[in-house]
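Worksheet for the structure shown next.
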Amino acid sequence: MNRHPFRWSYLLFAALFLATVAGWAVWREDLLTSRELSLSASGVLIALGLVGIAATVRQARPPRPTSTPSPLPEGDIHDEAADPLP
């Protein structure tokens, strides 16, 4: 998957669209009270914050090794130092 730069214009459009729909739902159709809308908006912002924290933690982890390290050849000097002959 290729990484693409973040596009702020799409985020701004989505936020304005959702604000317009929410305003319509509150004042025109009476689907939500203003209290319910404010609580819903708070919940969405908290959820987005948790997603952002999870994404940051995921990026901060060290990458997994792609290949296994090659084993030491037999009779290496470290093996002899660890278990000397009597």
Side-chain angles (χ1 to χ4, degrees):
M1 177 189 330
N2 294 333
R3 295 195 130 218
H4 300 285
F6 189 77
R7 303 220 172 130
W8 289 99
S9 59
Y10 294 135
L11 178 66
L12 180 63
F13 173 75
L16 290 175
F17 179 76
L18 288 176
T20 303
V21 170
W24 173 78
V26 170
W27 289 288
R28 178 90 169 125
E29 298 295 322
D30 266 344
L31 295 177
L32 295 171
T33 65
S34 59
R35 171 92 172 139
E36 290 170 339
L37 179 63
S38 66
L39 290 175
S40 299
S42 299
V44 167
L45 289 174
I46 289 170
L48 288 175
L50 291 175
V51 168
I53 290 171
T56 302
V57 168
R58 183 175 178 202
Q59 288 178 355
R61 287 189 298 170
R64 294 182 194 165
T66 56
S67 64
T68 58
S70 60
L72 294 173
E74 289 187 29
D76 190 36
I77 192 163
H78 298 292
D79 292 336
E80 293 171 3
D83 192 20
L85 294 173

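This one's a predicted model, so the numbers in the text were calculated from it and none came from an experiment.
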Below 3.5 Å, can you tabulate the donor-acceptor pairs from side chains in residues 40-52 to any protein atom, sequence neighbours excluded?
residue	atom	partner	partner atom	Å
Ser40	OG	Glu36	O	2.8
Ser42	OG	Ser38	O	2.9

Mind checking the CG-CG spacing from Leu31 to Leu37? Nearest 0.5 Å is all I need.
11.0 Å

Hey, is CZ on Phe17 packed in by over 12 heavy atoms from elsewhere, all under 6.0 Å?
no

